[in-house]
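Values below: all heavy atoms of this structure, side chains included; hydrogens, waters and symmetry mates excluded.
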Amino acid sequence: MFETILLAANDNQNSSLEFMNAPSNVFGGFVAYLLFAASVWGMFVKSGRAGWTSLIPIYNWYVVVKIAGFPGATTILYCLPLVNIVFGWFVGWNIGKQYGKSTVFRIFGLILFQLIGFFILSYGSDRYQGKQASQD
């Protein structure tokens, strides 16, 4: 009987520890969101859109998809598990194409390390080429 009480107390203690960790999870998510918004701000400006729109959740992904050259409705693919990963690769690849970047940069900078690649495109000397890059 005492073992059952001790096990129940131990389970409650673990649950309370998990609950105590929740604020740090929220803070980490907020920091990640701000990093993403900062990384695409310059891309938005270079493509002729308002930079502040990178701060609006969901709409910022819509604009990223439009910059990549996809129809806006394909943004819904980010809501599907596993499909969102593959779609993110296509978006990264096409954004590299829109900025006239090399295949190596597209693979390493915009597919494998997308956040870093977005910072490089936003604050580097790269220019948005848009439809001209797609025709090459």
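- Between Trp52 and Phe44, every side-chain heavy-atom pair lies at or beyond the 4.5 Å cut-off.
- Hydrophobic clustering (ILVMFWY, side-chain heavy atoms < 4.5 Å, transitive): Ile56 and Ile76 are in distinct clusters.
- Ring centroid separation for the pair Phe105 and Tyr99 does not come in under the 6.0 Å cut-off.
- Between atom OH of residue Tyr128 and atom CD1 of residue Ile95 there is a gap of 9.0 Å, rounded to the nearest 0.5 Å.
- Classified by interplanar angle (parallel below 30°, tilted 30° to 60°, perpendicular above 60°), the ring pair Trp61/Phe36 is parallel.
- Taking CG from Leu110 and CG from Leu115, the interatomic distance works out to 11.0 Å, rounded to the nearest 0.5 Å.
- Distance check: Phe90 CZ to Lys97 NZ gives 10.5 Å after rounding to the nearest 0.5 Å.
- The 12-atom threshold is not exceeded at CZ of Phe108, counting heavy atoms of other residues, nucleotides or ligands nearer than 6.0 Å.
- Across all non-hydrogen atoms, the minimal contact from Ile67 to Met43 is CD1-O, 4.1 Å.
- There is no path of hydrophobic side-chain contacts, each under 4.5 Å, that joins Ile58 to Ile85.
- The structure places CD1 of Ile120 at 11.0 Å from OG of Ser39, a figure rounded to the nearest 0.5 Å.
- Looking at Lys46, its side chain does come within 3.5 Å of a backbone N or O of Leu121 through a donor-acceptor pair.
- Put simply, the side chain of Ser54 never gets that close to the backbone of Asn60: no donor and acceptor are under 3.5 Å apart.
- Within 6.0 Å of CG on Leu112 lie more than 12 heavy atoms contributed by other residues, nucleotides or ligands.
- Taking hydrophobic clusters as Ile, Leu, Val, Met, Phe, Trp and Tyr residues chained together by side-chain heavy-atom distances below 4.5 Å, Val83 shares a cluster with Val91.
- Note that CD1 of Ile107 is 12.0 Å distant from CZ of Phe113, once rounded to the nearest 0.5 Å.
- Residues Phe70 and Thr75 fail the side-chain proximity criterion, which asks for heavy atoms closer than 4.5 Å.
- The backbone N or O of Gly88 lies less than 3.5 Å from a partner atom in the side chain of Gln114, making a donor-acceptor pair.
- Applying the 6.0 Å contact sphere to CH2 of Trp93 captures more than 12 heavy atoms from other residues, nucleotides or ligands.
- Phe87 contributes atom CZ, which lies 3.5 Å from atom OG1 of Thr74 (distance to the nearest 0.5 angstrom).
- In this structure, Phe30 has its ring center at least 6.0 angstrom away from the ring center of Phe27.
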